[in-house]
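To start, the structure itself, in structure tokens.
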Amino acid sequence: MAKTLVVVESPAKAKTIEKYLGPDFAVRASFGHIRDLPKSDLGVDVDEGFTVTYEVPDDSKKHVAELKKAHKVSEELVLATDYDREGEAIAFHVATLLGVDPERAKRVTFTEITRDAILEAFAHPREIDLRLFDAQEARRVLDRLVGYKISPILWRRVRPGLSAGRVQSVAVRLIVEREREIRAFVPVEYWSVDVRLAPDGDEHAFLARLTQIPEGRLAASPDKKGIVLATEAETGTHAERLRRASYRVTKVERKERKRSPAPPFTTSTLQQEAARKLGFGARKTMSIAQRLYEGVDLPGEGTVGLITYMRTDSVNLAESALREIAGFIRTEYPSGYSLAEPRRYRTRARNAQEAHEAIRPTSVLRHPGRVGGALDRDQLRLYTLIWQRTVASQMAEARFNQVGVDIEASVDGLTYGLRATGQTLLFDGFIRVYREGRDEGPDEDAEARLPELEAEQLLRMLDVLPEQHFTQPPPRYTEASLVKTLEERGIGRPSTYASIISTIQDRGYVRLQDKRFFPEDVAEVVTDKLVEHFPDIVNVNFTAEMEEDLDEIAEGEMGRVQVLREFYDPFHEALERAEEKFERYVEELDEECPRCIEEGRTP
DNA sequence: CAGTGAGCGAGCTTCCGCTTGACTT
């Protein structure tokens with residue numbers, strides 16, 4: 001009975017690790033955080049070194065009881081929670097609640113759930129990083145202070161039940177500001193001219209775009225450098241001349257263009273791509289991914305987890321996975337499709353903690369076609385997406401033949417310039433398996449064929465096609481583009497993207513209509529007030545700056561109390577000013593009071 | 001006397017991030 005109790009965060013992970021560690025270990029899950037600030041009280045003494053009161057939330061009580069029970073019958077405790085700031089804090093709290101001194105507790109971390117990685121990690125236990133824990137606690141306290149100090153002002157001055165927070169208030173602000181850009185947007189008219197040309201007969205006709213008029217170079221659109229054809233009349237003058245002009249090829253440029261596959265999925269990119277390709281909302285994507293992670297019953301194999309952990313900001317793949325994928329590609333595809341060396345990606349998201357791998361199939365040998373029978377339609381569609389993206393990320397680049405042709409048109413002693421571009425696929429590479437979807441804008445990989453042309457060749461004009469355009473306002477955010485923007489700014493975490501989207505709707509700040517976010521009036525009022533009274537906190541850079549401070553705590557360059565004090569003193573002053581100056585907002589109701597009408601009053 | 005309405009006080013709402021079920025929209 002000389003068992004060691006190992007605590008991880010997720011029960012699915014517990015099962016896998018227990019299998020790797022063997023019978024001397026009992027692995028149990030904490031189910032995330034098990035201790036938190038009280039819900040109905042600030043729980044922070046701002047005058048006494050930001051002392052924190054913790055309690056075990058009701059939902060965690062049974063998990064704590066389970067851990068205590070398992071701890072009683074084991075000799076040793078190993079904390080194997082996630083390798084990030086929150087995981088370090090969970091480790092600290094588990095140790096504390098089990099009566100183990102956090103300074104002496106054994107801590108083990110890994111970023112891949114593979115047998116080798118686990119055994120290696122357990123061979124080199126360390127201690128809990130108390131500075132990292134301090135950083136987490138500072139983060140928690142700061143979020144509590146922001147949320148629980150500002151929200152009540154909104155209840156009193158705007159509407160009961162409203163909320164403000166480091167993350168949600170910035171999300172709402174982005175949506176409000178985008179709406180204002182759209183409102184203020186004035187479309188600008190501009191014209192393009194395409195000329196249909198052919199080397200000889202009509203069958204090889206192609207389009208060339210007017211790029212140069214006698215007065216100078218044209219702009220591709222009004223926001224770019226160059227001359228803009230702003231009116232139909234002006235465009236018509238050039239079109240009329242182009243109809244009479246003679247055309248000659250001046251230059252043919254051929255080059256090869258390569259395209260690399262997108263990196264494996266993170267939570268954010270999975271949510272974006274599932275929205276683009278499958279039309280799933282963030283919440284739906286996450287719950288389906290959770291099912292795939294927890295495992296499905298496969299005939300002959302029992303319950304198997306099909307994908308790695310779905311809440312991650314890392315694009316890394318485990319070495320063992322890279323080997324398996326490379327082997328799979330070598331056997332399933334012709335030789336040109338595999339890579340000599342694995343392709344490695346770098347995380348571009350700010351604030352990434354990379355405690356896990358990228359989201360990938362636990363084995364690419366479980367082809368979607370093989371596991372399809374055990375999955376429902378949506379599960380299979382999401383699994384297929386993950387499988388394809390992962391395999392494609394380790395396949396050869398696609399190669400395109402790109403041709404650019406410059407054409408000169410002469411008329412009345414004037415010279416015009418046109419350009420035609422063509423692109424053909426030389427080698428499909430990773431595109432054979434998977435291509436990333438697009439939000440807006442043209443398809444860069446679309447094929448456009450040009451006939452064989454050479455310099456000095458004369459061309460026949462078949463048609464001149466002027467076309468009217470208007471500049472477009474920026475698009476309203478979708479769930480996917482909002483998540484993308486938040487991630488790029490380092491705001492929010494993989495475990496919270498879906499709930500941020502819910503919160504800002506539940507509070508009545510924004511609504512989704514045709515999959516686009518529209519702000520309600522209350523969002524505009526609250527955003528303006530927050531920008532007026534708490535400009536630092538609703539700044540999109542606030543989180544990034546906070547992260548720098550937290551890093552300094554973790555590095556031992558600053559203390560938790562010092563960071564919180566430097567935040568809180570000016571914040572406290574802003575709160576007092578707001579308490580005084582934040583004028584009450586009286587909502588105008590759209591609908592009339594039913595009783596007033598009944599009783600013959602005007603409200 | 002019964003019903004109505006004004007006035008008052010008490011109690012509630014809220015953050016972010018880590019995990020799953022338990023649900024009843």
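Below, chains carry the letters A, B, ... as their sequence lines are ordered, and counting in each starts from 1.
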Problem - Proximity of A:Tyr293 and A:Tyr309 rings by center, below 6.0 Å - result: yes
Practice task
Determine whether the aromatic ring centres of A:Phe133 and A:His93 lie less than 6.0 Å apart.
Solution key: yes
Completion exercise
Paired runs of 3 or more consecutive Watson-Crick or G-U pairs involving DNA chain B, with both pairing distances under 3.5 Å, are none
Handout entry: Residues A:Glu86, A:Arg139: salt bridge by 4.0 Å N-O rule
Key = yes
Handout entry: Donor-acceptor contact below 3.5 Å, side chain A:Asp376 vs main chain A:Asp378
Key = yes
Completion exercise
Contact string for nucleotides 13-23 of chain B, one letter per nucleotide 5' to 3', B = base within protein heavy-atom range under 4.0 Å, S = sugar-phosphate only, - = neither, reads BBBBBBBS---
Handout entry: Distance-only side-chain donor-acceptor flag, A:Glu88 / A:Thr81, under 3.5 Å
Key = no
Exercise for the section: For A:Thr362 and A:Arg366, run side-chain hydrogen bond (donor to acceptor under 3.5 Å, both in side chains): C-alpha distance rounded to whole Å, both residues' side-chain angles, the deciding distance at 0.1 Å, then the answer. Expected result: CA-CA 8 Å; A:Thr362 45; A:Arg366 283 193 273 272; 3.0 Å; yes
Practice task
Flag yes if more than 12 heavy atoms outside A:Arg126 fall under 6.0 Å of its CZ atom; otherwise flag no.
Solution key: yes
